[in-house]
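Every heavy atom of this structure was used, including side-chain atoms; hydrogens, water molecules and symmetry mates were not. None of these values were measured; they are calculated from a predicted model.
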Amino acid sequence: MKEITLGGQQVALYALDTVVVGSGCAGFNAADTLFDLGRRDIALLTEGVNMGTSRNTGSDKQTYYKLSFTQADSAEQMAAELASGGGMHRDTALIEAVNSVRCFMRLVEYGVPFPTDEIGRFIGYQTDHDTTARGTSAGPLTSKYMTEALERRVRENPDVHILDRTTVIRVVTEHNRAVGVVCLSPSADGGAQLFPIRAEYVILATGGATGVYADSVYPPSQSGAMGLAIEADCTMNNLTEWQYGIASQKVRWNLSGSYQQVIPSYYSMDQNGVGRDFLDDWIDSASEMCSAIFLKGYQWPFDSAKIEGSSRIDLAVSRETKAGRRVWIDFRENPAGFDFDSLRTEARDYLERADALGKTPFERLMRLNPQAVEFYRNSGIDLAAEPLEVAVCAQHMNGGAAVDGNWQTSVANLFAVGEAAGTFGVYRPGGSALNSTQVGGLRAAEYIALHPAQGDGNGTALEKALQEEQSYVDRCIRMPAAPQTDFAGEMSRCASHCRVYEEIAALYERLTRQMAAKYYAAPDGSFGSIRRLYKYRDNLTAQTALCRTFLHALPVTGSRGGAIFYRGGKIVPEDCKCREKAIVTAEDAVTFENLRPAPDTSYNFEQTWHRYRESHKCCGVEPE
């Protein structure tokens with residue numbers, strides 16, 4: 001450690017091997033695997049160790065997607081399923097499939113309670129965009145259990161340091177190589193302090209761009225940091241691809257699976273408290289409406305290909321909220337005209353097999369998935385006594401930083417794992433995101449373990465970056481107090497599951513003008529105000545990149561995946577040929593690039609074994 005001068009004071013310049021940014025299941029897994037592979041001097045930086053999406057979100061039975069243990073399966077079959085939605089690199093799909101069991105069993109050994117049958121086999125089920133029983137679940141809080149298990153493991157490692165209440169505000173690069181980060185933390189006097197960390201490697205495990213939409217199922221504590229990757233000049237991948245779905249508002253929670261399969265009633269209410277059953281406007285018969293609600297469980301994320309099917313529910317909810325009406329789901333009452341015998345065979349048989357034949361949706365939910373009821377009860381909401389206010393919300397970003405087969409970004413020594421990485425395409429099987437958090441962390445850690453530290457940086461770039469950020473903060477503190485324009489509501493209105501070209505173009509102009517202003521008021525100089533300043537800048541950066549990508553790419557791709565695209569008042573149909581491309585955003589250019597193929601998996605055992613032994617000598621794998 002050495003000291004540098006900042007604002008007349010001496011600031012410590014820390015030097016570490018690897019910095020992991022984020023404390024979800026992706027970040028903790030990366031730090032834990034690095035330690036197991038022999039790396040030391042690791043720091044995990046987090047705004048709050050109990051914040052974040054992994055620890056604070058879920059669904060009726062949050063899914064982990066892996067190779068099936070109950071049906072005949074192969075990594076090649078699973079990879080084909082992962083990539084079948086289009087836009088996903090084939091090598092990424094195969095890597096995630098090949099390593100799924102390895103990562104899953106690691107979690108099992110760490111104590112995540114995935115269920116087994118009487119012979120010890122891990123049981124599974126079919127999830128959305130899947131054709132076999134690869135999904136499994138530890139309940140509504142699967143990712144929370146994963147994060148807690150991995151955190152326990154990391155805290156046992158003396159060479160992994162957790163820096164809580166630390167916000168990374170800049171990834172510092174030199175000659176297109178990451179050399180460290182600049183951080184923000186509270187000072188002893190209640191103010192804010194900046195400090196640098198020099199690192200050989202930086203792993204971004206910061207989640208998706210969680211603050212860009214107002215209607216969001218991401219927890220309020222999860223702020224995201226996609227702007228860090230963009231400002232570091234990372235190439236971005238598939239920023240057009242998101243998942244949106246119906247979620248509760250008071251408690252941000254996905255209303256998928258069991259919550260819909262028990263067929264609750266929907267109604268809206270105007271500002272005068274007058275309610276109405278609005279689904280009648282969209283669906284002709286009670287039987288069809290009830291079946292569509294049931295299918296919302298299987299087909300939960302909004303799907304532009306199902307706007308004549310179950311996604312009519314999302315569009316109906318969306319229309320009501322855009323008109324200023326509040327929408328509710330009620331488990332106390334059946335939909336008007338509900339008749340169990342008139343349900344589609346698929347819905348009726350499912351509820352019969354599950355012995356979920358109660359008279360009300362609540363009774364059926366208690367039979368089908370009592371944990372789903374218990375979650376809300378623990379959050380202060382009794383589904384037997386009150387309805388849930390809902391909206392169509394952003395819930396997962398399929399795009400993000402472009403990464404290679406080791407989850408390294410276009411900037412050397414900078415990695416992105418979990419939702420920060422743009423590894424998915426147009427569609428993905430439910431639960432594959434949790435597997436990706438583990439595989440991405442594993443691959444990044446293995447690459448780092450096999451590449452010794454270069455140690456050739458002198459800290460000059462870090463010192464310069466630190467001075468620049470301190471000058472930026474000082475100027476923002478001197479600015480007069482003024483409200484900052486929040487664009488999240490406009491993003492939800494015109495650039496989420498329903499995207500309107502003309503409105504996005506107008507929004508983009510406003511975003512670029514706000515970005516050009518560069519400096520935003522933080523007049524009291526407190527830690528909270530400085531942190532909000534950087535989060536505002538990060539969201540602006542992400543929103544601008546998203547809208548720029550939408551304007552360039554959507555006229556080519558048309559409506560697909562999680563979004564309908566309108567231009568000139570008409571829906572633009574999908575051009576399916578575009579699914580064979582990845583959408584790449586680099587600086588101001590948006591281009592379509594060919595997907596990377598899957599690698600040749602044929603091999604000679606002896607030759608491959610020899611290559612493995614040679615490549616792993618540096619991390620102590622080579623036997624005596």
Side-chain angles (χ1 to χ4, degrees), residues 26 53 82-83 85-93 96 129 204-213 216 218 224-245 301-304 394-404 407-411 414-429 432-433 436-437 440 491 495-497 499 504 538-539 541-554 556-563 565 574 578-587 589-596:
T53 299
L82 283 168
M88 184 178 188
H89 291 296
R90 306 296 196 265
D91 58 344
T92 300
E96 292 197 348
H129 301 303
L204 296 178
T206 51
T210 59
V212 300
Y213 291 109
S216 170
Y218 293 103
M226 195 176 88
L228 287 177
I230 296 171
E231 291 183 343
D233 291 331
C234 288
T235 297
M236 308 302 287
N237 189 61
N238 288 341
L239 294 185
T240 53
E241 309 311 321
W242 285 72
Q243 288 185 182
Y244 308 93
F302 176 77
D303 187 351
S304 60
Q395 68 95 17
H396 191 274
M397 187 175 183
N398 281 2
V403 296
D404 63 13
W407 271 246
Q408 186 168 206
T409 70
S410 59
V411 176
L414 176 61
F415 299 78
V417 300
E419 199 174 343
T423 52
F424 293 111
V426 181
Y427 294 106
R428 65 172 181 82
S432 55
S436 188
T437 65
M491 289 288 294
S496 58
H497 63 292
R499 299 173 181 173
I504 295 173
D538 191 274
N539 278 333
T541 302
Q543 289 165 335
T544 304
L546 288 171
C547 287
R548 180 170 60 248
T549 306
F550 292 172
L551 290 174
H552 284 83
L554 295 182
V556 180
T557 66
S559 303
R560 70 179 195 178
F565 178 54
E574 180 183 5
C578 294
R579 293 204 192 183
E580 295 305 310
K581 305 281 185 179
I583 300 172
V584 175
T585 304
E587 298 180 346
V590 178
T591 58
F592 289 79
E593 296 186 2
N594 292 329
L595 298 175
R596 299 192 302 264

Handout entry: Ser559 side chain to Glu574 side chain, donor-acceptor N/O pair below 3.5 angstrom
Key = no
Completion exercise
Rounding to 0.5 Å, atoms CD (Glu231) and CE (Met226) come to a distance of 11.0 Å
Practice task
Examine distances only and state if a side-chain atom of Thr585 and a backbone atom of Met236 form a donor-acceptor pair shorter than 3.5 Å.
Solution key: no
Handout entry: Close side-chain approach of Thr437 to Val417, heavy-atom, < 4.5 Å
Key = no
Problem - Over all atoms of both residues, closest heavy-atom pair of Asp538 and Leu228 - result: OD2-N, 3.3 Å
Problem - Validation row: Val584, Val590 side chains within 4.5 angstrom (heavy atoms) - result: no
Exercise for the section: Could you pull out the closest heavy-atom pair between Pro429 and Leu82, with the gap in Å? Expected result: CD-CD2, 3.9 Å
Problem - Test item: Thr423 and Val403 side chains (from C-beta on) under 4.5 Å apart, heavy atoms - result: yes
Completion exercise
To the nearest 0.5 Å, atom OG1 of Thr541 lies from atom CD of Gln543 at 9.0 Å
Practice task
May I ask you to decide if Ala589's main-chain N or O and Arg548's side chain share a donor-acceptor pair within less than 3.5 Å?
Solution key: no
Fill in the blank from the handout: Here the gap from Arg579 atom CZ to Leu595 atom CG, rounded to the nearest 0.5 Å, amounts to 12.0 Å
Practice task
Using atom types as modelled and distance alone, determine if a side-chain donor or acceptor of Asn237 lies under 3.5 Å from a backbone N or O of Gly422.
Solution key: yes
Problem - Nearest heavy-atom neighbours spanning Ala542 and Ile230 - result: CA-CD1, 4.1 Å
Exercise for the section: Look only at the side chain of Asn398 and the backbone of Phe424, and say whether a donor-acceptor pair between them is shorter than 3.5 Å. Expected result: no
Handout entry: Check: Met397 main-chain N/O paired with Glu419 side-chain donor or acceptor under 3.5 Å
Key = yes
Problem - Backbone of His497 reached by a side-chain donor or acceptor of Arg499 within 3.5 Å - result: no
Practice task
Could you tell me which non-hydrogen atom of Val411 sits nearest to which non-hydrogen atom of Gln408, and how far apart they are?
Solution key: O-CG, 4.1 Å
Practice task
Drop me the distance from Met491's CE to Ser496's OG, to the nearest 0.5 angstrom.
Solution key: 8.5 Å
Exercise for the section: Check the pair Arg90, Glu580 against salt bridge (Lys or Arg N to Asp or Glu O under 4.0 Å), reporting the backbone distance first and the verdict last. Expected result: CA-CA 10 Å; Arg90 306 296 196 265; Glu580 295 305 310; 3.2 Å; yes
Problem - Close side-chain approach of Asp303 and His129, heavy atoms under 4.5 Å - result: yes
Fill in the blank from the handout: Hits for side chain to side chain donor-acceptor pair (under 3.5 Å) against Gln243, two or more places apart or cross-chain, chain-then-number order -> Arg428
Completion exercise
One should read off an interatomic distance between Leu554 CG and Thr240 OG1, to the nearest 0.5 angstrom, of 6.5 Å
Problem - Non-hydrogen atoms of Ala563 and Ser304 that approach each other most closely - result: O-CB, 3.4 Å
Problem - Close side-chain approach of Phe565 to Phe550, heavy-atom, < 4.5 Å - result: no
Exercise for the section: Walk me through it: do Met88 and Glu241 pass the test side-chain contact (heavy atoms from CB on, under 4.5 Å)? Expected result: CA-CA 11 Å; Met88 184 178 188; Glu241 309 311 321; over 6 Å; no
Exercise for the section: Please report the C-alpha distance between Thr557 and Ile583 in whole Å, then the side-chain angles of each, then the deciding distance to 0.1 Å, and finally whether the side-chain contact (heavy atoms from CB on, under 4.5 Å) criterion is met. Expected result: CA-CA 10 Å; Thr557 66; Ile583 300 172; 4.0 Å; yes
Handout entry: Under 3.5 Å donor-acceptor, Thr409 side chain and Leu414 backbone
Key = yes
Exercise for the section: Report the distance from atom OH of Tyr244 to atom CD of Gln395, rounding to the nearest 0.5 Å. Expected result: 10.5 Å
Exercise for the section: Specify the closest pair of heavy atoms between Asn238 and Gly425, including all atoms of both residues, with the distance to one decimal. Expected result: ND2-CA, 3.9 Å
Practice task
Spell out, as yes or no, whether a donor-acceptor pair under 3.5 Å connects the side chain of Thr210 to the backbone of Gly224.
Solution key: yes
Exercise for the section: Give the intermediate values and the outcome of side-chain contact (heavy atoms from CB on, under 4.5 Å) for residues Tyr213 and Tyr218. Expected result: CA-CA 10 Å; Tyr213 291 109; Tyr218 293 103; over 6 Å; no
